[in-house]
S.K.: 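Input: one structure, supplied below.
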Amino acid sequence: MNDYSNQLGGEGEEKQARIRSIQAKGKDPYNSSFRPTHSVDDLAQNEGELSENGKKVSIAGRVMALRRHGKAIFADVQDRTGRIQMYVKKDVLGESSFNLFKEIDVGDLVGVEGKVFRTRAGELTVAVEHFDLLSICLNPLPEKWHGLKDVEVRYRRRYLDLIMNEEVRKVFLLRSSVLKSMRDYLEERNFLEVETPMMQVIPGGALARPFKTYHNALGIELFLRVAPELFLKRLIVGGMERVYEINRNFRNEGISVRHNPEFTMLELYQAYGDYLTMMDLCEDMLVNVIDKTTGKTNITYQGMTIDCSPPWKRVSLRDEIAEASGIDIFNDSDVSMKEKARSLGIPCSEEWNRGKIINELLENYVQPHLVNPTFVMDYPVDISPLARATKKNPLIAERFELFIGKEEIGNAYSELNDPFEQKNRFLDQLKKRETGDEEAHLVDEDYLEALEFGMPPTGGLGVGIDRLIMLLTDSSSIREVILFPLLRPRLD
RNA sequence: GAGCCAUUAGCUCAGCUGGUAGAGCACCGGACUUUUAAUCCGGGUGUCGAAGGUUCGAAUCCUUCAUGGCUCACCA
């Protein structure tokens, strides 16, 4: 038998006593293998057939509750599909096996074999004939009645959260099925899933501060990517035509209920498309995904009822802002815009540029009304350095953002494929950086060189996956939809 | 980064204007062969987040720190 006498910390003596007691009954507390024939859900689905034939079934899972009755014991066992009751009788198991079962505690993992029946109270139950202890649980589980609510413990020890809270498991099941149906949708339309560098020499593709790291062998500073955009568009130059990536981005910014330093984005690019192509695709894809994963077209988010049935509203950013604030973001001068904004109570300081003010107007006057899915179109070029300008107005980018439930969910534009214009945009960004804007783009010569070989006119779309999952699971915090959100490490 | 709030048993929480720390569940011992928040009998298992201070006396008042939550800022 194995030696478990080394100390693991905590109440070592109690843990040791339990292990010794189990070993004294001739059983190792670990090391068994066990292959269940059914899941809990299988038993419920096939109850009729199984109980009629008196067929032997086996299931494996974690003991979540025990009700001991002397020579009989009821135990609730939980696997990934649900919970089911065991009925263990001394005269069926025999003396020694029953005595071993008496050692079982809440939290232990067991495998059982027996027949399915219904108790007097009508509860679906397995009448246990044989059982095996698969792994013992040395620490007490959170209390059964109140469960585990402490958010810090829930995030730090997510395994306990998953054991105790079924609705948490459901959130991550839904997350998985959303990603699957998104991939299915894109595969059907001949999009190729690709992976591009997480570690980049020049972080680009978004206006954000990056994390720095260092490669020892090359002796160079590297950045964790803030977006995959510039690499995905190199693939468009390379003729892949339809590519997407669902993966992590890293931004070195504050943490809040809607921001985690690493978060998941879908980015996709379609050659011979533009932002209008992306709008159609975005709407169709999300309607499809929402329907496939929730079965509904209405979603409830934080008390709002959101009607997701198509077609989705399309509005212009300028009209919306003009209507709400009286400011014309394309025709008012810098000075008059700033004055008007100030008179509305927006504290614009001297260094605020147009983009910043527009963003503020959008957030304060437009976004709070965007409950149902709405595409807000035509953004200023100066806050869209990678987007193509409209033919009519060089100050307006062919770009939209998608808002659902007052949250920004998507962002898309007609990609700028003119290397000369792109270089000018980079140089403008460089000026912003020199005046202290740490989020401004760096000049990426290598990307410009790629554009010189010719990139087809292309539409690009980004969708914030975590935010989308928040909407679909009515989660008020992004941490509820990320298995291991970033927390400050514990020092104790 | 700033403000507000929280931190007491394994879990959920009481503990008033300062007077030697409590409940339910969990846990430990005993009884119980269809229970299901099983029941019945017996048992409190604690560095009151940490360190200072005030006081005869601090879980309680003050200061600092730590961690978390919410709001704001930055951003998606």
Side-chain angles (χ1 to χ4, degrees), chain A residues 10-11 13-15 17-18 21 64-77 83-93 98 102 105-107 117-128 137-157 160 164 205-210 226-227 248-267 347 349 356 359-360 362-363 367 383 401-403 407-411 437-439 462-468 470 476-479 485 487-492:
Chain A
E11 327 108 77
E13 234 355 271
E14 262 176 50
K15 294 173 186 174
R18 221 182 136 221
S21 177
M64 296 304 290
L66 283 168
R67 293 175 291 282
R68 295 191 173 95
H69 292 256
K71 297 187 181 63
I73 299 173
F74 291 92
D76 296 339
V77 171
R83 227 180 247 209
I84 193 168
Q85 177 168 267
M86 306 290 113
Y87 184 39
V88 183
K89 290 203 287 185
K90 186 174 186 178
D91 57 6
V92 175
L93 255 68
F98 188 75
K102 287 207 285 195
D105 251 350
V106 170
F117 78 109
R118 290 254 168 199
T119 63
R120 272 207 297 250
E123 174 116 2
L124 186 63
T125 301
V126 176
V128 175
C137 175
L138 292 173
N139 299 318
L141 288 182
E143 188 249 328
K144 67 181 175 191
W145 187 238
H146 296 92
L148 176 60
K149 293 271 152 44
D150 183 318
V151 292
E152 186 180 356
V153 178
R154 286 186 45 230
Y155 300 151
R156 281 193 199 281
R157 307 212 277 186
L160 291 181
M164 300 304 296
L207 309 178
R209 261 180 288 184
V226 295
R248 231 67 66 78
N249 290 342
F250 307 87
R251 298 191 186 172
N252 207 340
E253 284 148 4
I255 295 173
S256 80
V257 286
R258 35 190 104 62
H259 300 90
N260 193 61
E262 51 177 315
F263 63 101
T264 302
M265 285 268 289
L266 160 69
E267 279 203 19
S349 54
K356 173 83 183 150
N359 211 33
E360 207 66 16
L362 170 64
E363 276 175 25
Q367 201 166 332
I383 53 170
E401 287 188 326
L402 168 65
F403 292 86
E407 294 290 346
E408 189 194 332
I409 296 297
N411 179 25
D437 184 353
E438 286 181 64
E439 283 150 14
V463 175
I465 298 298
D466 309 289
R467 297 258 175 100
L468 179 63
M470 285 171 70
S476 61
S477 168
I478 197 168
R479 293 171 168 200
L487 301 178
R488 203 181 294 269
R490 285 211 76 115
L491 299 170
D492 56 21

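The structure displayed is predicted, hence computed values, not measured ones. Proteins come first, then strands; the chains are lettered A, B, ... in the order of their sequence lines, and each starts at number 1.
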S.K.: For B:rC27 and B:rU64, measure between their C1' atoms and round to the nearest Å.
M.R.: 37 Å
S.K.: Looking for any heavy atom pair under 4.0 Å, which part of the strands does A:Phe250 touch: base, sugar-phosphate only, or nothing?
M.R.: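 Nothing, no heavy atom under 4.0 Å.
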S.K.: Using a cut-off of less than 4.0 Å, is there contact between a side-chain N or O of A:Arg68 and OP1 or OP2 of B:rG30?
M.R.: no
S.K.: How many whole angstroms separate atom CZ of A:Arg118 from atom P of B:rU36?
M.R.: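 These atoms are roughly 17 Å apart.
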S.K.: Which one, B:rU33, B:rC70, B:rU36, comes nearest to the side chain of A:Ala121?
M.R.: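 Out of B:rU33, B:rC70, B:rU36, the nucleotide with an atom closest to A:Ala121's side chain is B:rU36.
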S.K.: Please round to the nearest 0.5 Å and tell me the distance separating atom CZ of A:Arg120 and atom OG1 of A:Thr125.
M.R.: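 So the CZ of A:Arg120 and the OG1 of A:Thr125 are separated by 12.0 Å.
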S.K.: Classify the nucleic acid contact of A:Gly254 as base, sugar-phosphate or nothing, counting any heavy atom under 4.0 Å across all strands shown.
M.R.: base
S.K.: Assign each of A:Leu148 and A:Leu66 to its nearest nucleotide of RNA chain B by heavy atoms, then name whichever residue's nucleotide is nearer the 5' end.
M.R.: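 This one resolves to A:Leu148.
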S.K.: Can you name the closest pair of heavy atoms from A:Glu408 and A:Gln367 and give their distance?
M.R.: N-NE2, 4.1 Å
S.K.: Take the protein atom CD1 of A:Ile255 and the nucleotide atom P of B:rA73, then report the distance between them rounded to whole Å.
M.R.: 17 Å
S.K.: Hey, is CZ on A:Arg118 packed in by over 12 heavy atoms from elsewhere, all under 6.0 Å?
M.R.: yes
S.K.: So that I can tick it off, tell me whether A:Asp91 and A:Lys71 are bridged by a salt bridge, with the cut-off set at under 4.0 angstrom between side-chain N and carboxylate O.
M.R.: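 Salt bridge: no.
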S.K.: Paired with B:rG1 by Watson-Crick or G-U wobble geometry, both distances under 3.5 Å: which nucleotide is it?
M.R.: B:rC72
S.K.: Working to the nearest 0.5 angstrom, can you tell me the gap between A:Ile478 CD1 and A:Glu407 CD?
M.R.: 9.5 Å
S.K.: Sort out the partner of B:rU55 for me: Watson-Crick or G-U wobble, both distances under 3.5 Å, none otherwise.
M.R.: none
S.K.: Could you please name the option among B:rG68, B:rU34, B:rA76 that lies closest to any side-chain atom of A:Tyr87?
M.R.: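 Nearest to the side chain of A:Tyr87 among the choices is B:rU34.
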S.K.: Tell me the interatomic distance from A:Glu360, atom CD, to B:rC72, atom C1', rounded to whole angstroms.
M.R.: 12 Å
S.K.: If pairing requires Watson-Crick or G-U wobble contacts with both distances under 3.5 Å, which nucleotide is the partner of B:rU20?
M.R.: none
S.K.: Of the nucleotides B:rA73, B:rU35, B:rC70, which has the atom closest to the A:Gln85 side chain?
M.R.: B:rU35
S.K.: May I ask you to say whether A:Arg67 pairs ionically with A:Asp76, meaning some side-chain N is under 4.0 Å from a carboxylate O?
M.R.: yes
S.K.: Nearest-Å distance, CZ (A:Arg67) to P (B:rC32)?
M.R.: 19 Å
S.K.: If you find the nucleotide of RNA chain B closest to A:Asp91 and the one closest to A:Val153, which residue's nucleotide is nearer the 5' end?
M.R.: A:Val153
S.K.: Could you identify the nucleotide paired to B:rG42, looking across every strand shown and requiring Watson-Crick or G-U wobble geometry with both distances under 3.5 Å?
M.R.: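 Across all strands, the one nucleotide that pairs with B:rG42 is B:rC28.
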S.K.: Determine whether A:Arg251 and A:Phe263 make a side-chain contact, defined as any pair of heavy atoms from C-beta on separated by less than 4.5 Å.
M.R.: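 Of all side-chain heavy-atom pairs linking A:Phe263 with A:Arg251, at least one is under 4.5 Å.
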S.K.: A:Thr119 has a side chain; which of B:rU35, B:rC11, B:rA76 sits nearest to it?
M.R.: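 Of B:rU35, B:rC11, B:rA76, B:rU35 is nearest to the side chain of A:Thr119.
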S.K.: Looking at A:Glu123 and B:rU36, is any side-chain donor or acceptor paired with a base atom of the opposite kind under 3.5 Å?
M.R.: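 Flag set: donor-acceptor pair detected.
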S.K.: About how many Å separate CG of A:Asn249 and CG of A:Asn260, when rounded to the nearest 0.5 Å?
M.R.: 12.0 Å
S.K.: Mind checking A:Glu407 for me? I need base, sugar-phosphate or nothing, with any heavy atom below 4.0 Å counting as a touch.
M.R.: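 If one applies the 4.0 Å heavy-atom cut-off, A:Glu407 turns out to touch nothing in the nucleic acid.
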S.K.: Which whole-number value in Å describes the distance from A:Arg209 CZ to B:rC74 P?
M.R.: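 Taking atom P of B:rC74 as the reference, CZ of A:Arg209 is at 11 Å.
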S.K.: Among B:rU33, B:rC28, B:rU34, which nucleotide sits nearest the side chain of A:Asp105?
M.R.: B:rC28
S.K.: Of the nucleotides B:rU67, B:rA38, B:rC70, which one has an atom closest to the side chain of A:His69?
M.R.: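 It is B:rA38.
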S.K.: Taking the minimum atom-to-atom distance to the side chain of A:Pro140, which one of B:rC74, B:rU35, B:rG10 wins?
M.R.: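 The closest nucleotide is B:rG10.
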S.K.: Provide, to the nearest angstrom, the distance between the CZ atom belonging to A:Phe74 and the P atom belonging to B:rU35.
M.R.: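 One finds 6 Å between P of B:rU35 and CZ of A:Phe74, rounded.
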S.K.: Does any nucleotide pair with B:rU33 by Watson-Crick or G-U wobble geometry, both distances under 3.5 Å, and what is it?
M.R.: none
S.K.: What is the nucleic acid contact for A:Leu207, judged by heavy atoms within less than 4.0 Å: base, sugar-phosphate only, or nothing?
M.R.: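 It contacts sugar-phosphate atoms only.
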S.K.: Contact class for A:Asn260 vs. all strands (heavy atom < 4.0 Å): base, sugar-phosphate, or nothing?
M.R.: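 Contact class for A:Asn260: base.
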S.K.: Please give the nucleotide sitting opposite B:rA66 as a Watson-Crick or G-U wobble pair, both distances under 3.5 Å, or none.
M.R.: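 Answer to the pairing question: B:rU7, which forms a Watson-Crick or G-U pair with B:rA66.
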S.K.: Let me know the distance between CD1 of A:Ile84 and C1' of B:rU36, rounded to the nearest Å.
M.R.: 13 Å
S.K.: B:rG68 C1' sits how many Å from A:Lys149 NZ, rounded?
M.R.: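 Taking NZ of A:Lys149 and C1' of B:rG68, I get 18 Å after rounding.
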S.K.: Quick one: label A:Ala208 by what it contacts on the DNA or RNA (base, sugar-phosphate, nothing), any heavy atom closer than 4.0 Å.
M.R.: nothing
S.K.: If a protein heavy atom is under 4.0 Å from the base, mark B; if only from the sugar-phosphate, S; if neither, -; do that for nucleotides 3-9 of chain B going 5' to 3'.
M.R.: -------
S.K.: Classify the ring geometry between A:Phe74 and A:Tyr87 as parallel (under 30°), tilted (30 to 60°) or perpendicular (over 60°).
M.R.: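 Rings of A:Phe74 and A:Tyr87: parallel, under 30°.
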S.K.: How far, in whole Å, is B:rC41 from B:rA59 if one measures between their C1' atoms?
M.R.: 33 Å
S.K.: List for me each residue that meets side chain to side chain donor-acceptor pair (under 3.5 Å) alongside A:Glu401, sequence neighbours excluded, and say none if there are none.
M.R.: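 For A:Glu401 the side chain to side chain donor-acceptor pair (under 3.5 Å) partners, ignoring immediate neighbours, are A:Tyr379, A:Arg399.
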S.K.: If you check the A:Arg156 side chain, which of B:rU36, B:rC70, B:rG68 turns out closest?
M.R.: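 It is B:rG68.
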